[in-house]
Amino acid sequence: MKGMNDLFSKELQARRWITQKALQAFESYGFSQVQTPVLEELSLFVRSVGKTTDIVSKEMYALEDRDGTPICMRPENTAGTVRALLEHHKLTQEQECKVFYVGPMFRRERPQKGRLREFTQVGAEFFGTDAPTADVELLSMLHQWLLSLPIGKIKLLINSLGQPQERAEYLKALRTYFEPLRDQLCSDCQRRLETNTLRLLDCKNKTCSKLADESPSILDFLQEESKQHFEAVKNGLTQLGIEFEITKKLVRGLDYYTRTVFEFIAESGLGAQNTVAAGGRYDNLVEELGGPSVPAIGFAAGIERLVILAEENGLSLDEKRPDLVLVYADDTGREQIPQIAHKLRQANIWVDFEHRKKSVKAQMRRADRMKAKEVLVLGTREIESDEGQLKSLDSGEQRFVQVSNLLSAYSPNFV
RNA sequence: GUGGAUGUAGCUCAGUUGGUUAGAGCGCUAGGUUGUGGCCCUAGAGGUCGAGGGUUCAAUCCCCUUCAUUCACCCCA
């Protein structure tokens, strides 16, 4: 399938490691894990992400359930998380709720570097307060996690989108600003002027970008409350020593965002998709989805992008090696090996041996290629005398062991 | 959805201005005497030259179509 990958041990190892780091960081902030289904009712995303967004209007894997219900594969997991928490009555105005998730998301786009149709997001959501300290806590947690990964330089961009009314005012102003300049805009931006005015702000075209620089700033349209919130977030970050950059050009593609929005971008290594994690506050979403009025803030990070960065920055995970490879020298050895291996494996020692008919030399080469730590050659001689030589493939040294009680050779190392 | 690049052995890539049996390195297999790896040496296996069609006496090489991969746009993690 285009944009959907088969993953093997090596790739999976890096992903697991990165995810593990997230769990470590998130748990120290008191977030607990949730998991929701890949399939959700289509209407959930229409109501949350927004009907007119690209994600919903042209990137969803949508289908009809057998009973006719329109369903789809989730393109993101905030909506599903909110749905799940509401269904289980875990969201109330009285208490906070901190959760995180990790799982596959699906968007039918053209794949490119750092963008797949099936991709994995790690995300967290903090419900129940609109205190700026919550924004700071979430960002700090994300920051801590990203810092624990070898992904090169990253930068935190923040902005405030204000409340819906403020944003509406701003959009109006933005349109009146750009309308007279229409002819100078690139064709994409002329279209954006109608469809997605905010996106006009981060056009890569030089002229557009220059004009955008001069455009009104959303920050000037914030009412006192939103303004104070944003100030408090900035102060909080500064107090924790977390560097950030304010950029009025930061916009998000999902409709539900309010006030604080942010993005961690990688300074190199990802090509055009340099956003590594992004999110924002969504104070109205829970209510819009039929729940109580519960403010929240969250983020999602793309695991595949982090893996790319980690690999480019030389993440090297020590591969697991077989503890022992048993090599047969003759038929007697060959007959005994499965039983000997069985005993060791029950003690969780990684043992391997060749099943096909091979020479000792071939078996040795195989053991070497597998990077086995040790080998033991077994033939009539060893079985009868109950004494074999365990050879270290690293040092080449051999040590005598009792074949009938091989386990004892390991007990010191495996206690 | 749009645009560019690429598609030759398991992997990384040469190559033929169209001409009989398509190459290298790495990897793989087997040997280098009797039961011991890594280095070295020798031999070997392995390719519908992405697929389909066209031009030609002849195509892996030229033309068309298609598929796949990849990068970028749109958009986004």
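Naming: A, B, ... by sequence-line order, numbering from 1 per chain. Side chains included, hydrogens not; waters and symmetry mates left out as well; all remaining heavy atoms used.
Note: F106(A) and Y61(A) have perpendicular aromatic rings, judged against thresholds of 30 and 60 degrees for the angle between ring planes.
Checking the phosphate oxygens (OP1, OP2) of C28(B), a side-chain nitrogen or oxygen of R369(A) falls inside 4.0 Å. Within the structure, a side-chain polar atom (N or O) of Q112(A) is placed less than 4.0 Å from OP1 or OP2 of A72(B). Under 4.0 angstrom from either OP1 or OP2 of A77(B) there lies at least one side-chain N or O belonging to R252(A). Proximity of K204(A) to the phosphate of C74(B): a side-chain N or O atom is located under 4.0 Å from OP1 or OP2.
Distance noted for atom C1' between C74(B) and U2(B): 8 Å (whole Å). Nucleotides C11(B) and G31(B) place their C1' atoms 25 Å apart, quoted to the nearest Å. Atom C1' of G7(B) sits at a distance of 37 Å from the matching atom of C40(B), rounded to the whole Å. Between A9(B) and C76(B), the two P atoms lie 40 Å apart (nearest whole Å).
Distance, N274(A) CG to C71(B) P: 15 Å, rounded to whole Å. Nucleotide C73(B) holds its P atom 12 Å from the CZ atom of R199(A), rounded to whole Å. Rounding to whole angstrom units, CG of residue L306(A) and P of A77(B) are separated by 14 Å. Distance K113(A) NZ to C76(B) P: 21 Å, rounded to the nearest Å. One can place CE of M364(A) at 13 Å from P of C39(B), the figure rounded to the nearest angstrom. For the pair M370(A) CE and C28(B) P, the interatomic distance rounds to 13 Å; values are reported in whole Å. One atom, NZ of K358(A), and another, P of G37(B), lie 16 Å apart when rounded to the nearest Å. Taking atom CD on Q363(A) and atom P on U29(B), their separation rounds to 13 Å, with Å as the unit.
The main-chain N or O of L219(A) is found under 3.5 Å from a side-chain atom of S217(A) such that the two form a donor-acceptor pair. R281(A) places no side-chain N or O within 3.5 Å of a backbone atom of V261(A) that could act as its donor or acceptor partner. The backbone N or O of F45(A) sits nowhere less than 3.5 Å from a side-chain atom of R74(A) that would complete a donor-acceptor pair.
Where L378(A) and F119(A) each meet RNA chain B at their nearest nucleotide, the meeting point lying more 5' is that of L378(A).
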Apply side chain to side chain contact (heavy atoms under 4.5 Å, CB included) to residues E125(A) and F127(A) and explain how you reach the verdict. CA-CA 6 Å; E125(A) 318 285 350; F127(A) 297 94; 3.4 Å; yes
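Pair check for U16(B) finds none; no Watson-Crick or G-U wobble contact set falls under 3.5 Å. Nucleotide G3(B) forms a Watson-Crick or G-U wobble pair with C71(B), both donor-acceptor distances falling under 3.5 Å. Nucleotide U56(B) forms a pair with no other nucleotide shown, judged by Watson-Crick or G-U wobble geometry with both contacts under 3.5 Å. Remark: C11(B) base-pairs with G25(B). Criterion, Watson-Crick or G-U wobble with two distances under 3.5 Å. Nucleotide G47(B) forms no Watson-Crick or G-U wobble pair with any nucleotide shown, as no partner meets the under 3.5 Å limit on both distances. Pair assignment for G31(B) gives C41(B), based on Watson-Crick or G-U wobble hydrogen-bonding distances that are each under 3.5 Å.
Of the candidates U36(B), C73(B), C76(B), U36(B) carries the atom nearest the Q398(A) side chain, counting heavy atoms from C-beta on. Distance from the side chain of L393(A) is smallest to G37(B) among A77(B), G1(B), G37(B). Checking G37(B), C75(B), G35(B) against the side-chain heavy atoms of E382(A) singles out G35(B) as nearest.
Neither side chain, Q363(A) nor R366(A), offers a donor N or O lying under 3.5 Å from an acceptor on the other.
Salt bridge D368(A)/K371(A): absent, no basic N to carboxylate O contact under 4.0 Å.
In this structure, F100(A) has its ring center at least 6.0 angstrom away from the ring center of F31(A).
Below the 3.5 angstrom threshold, one finds a donor paired with an acceptor across the side chain of R115(A) and the base of C75(B). For G38(B), its base never sits under 3.5 Å from the side chain of D368(A) at any donor and acceptor pair. Side chain K361(A) to base G32(B): a donor-acceptor pair is found below 3.5 Å. For U2(B), the base has a donor-acceptor partner in the side chain of R110(A) [N/O atoms by modelled type, under 3.5 angstrom]. No N or O donor and acceptor, one from the side chain of R366(A) and one from the base of C28(B), sit under 3.5 Å apart.
Distance check: T69(A) OG1 to E64(A) CD gives 8.0 Å after rounding to the nearest 0.5 Å.
Counting any heavy atom pair closer than 4.0 Å across all strands shown, V327(A) reaches no nucleic acid atom.
Using a 4.0 Å cutoff on non-hydrogen atoms, the parts of residues 29-63 of chain A near RNA chain B are D54(A), E59(A), ordered by number.
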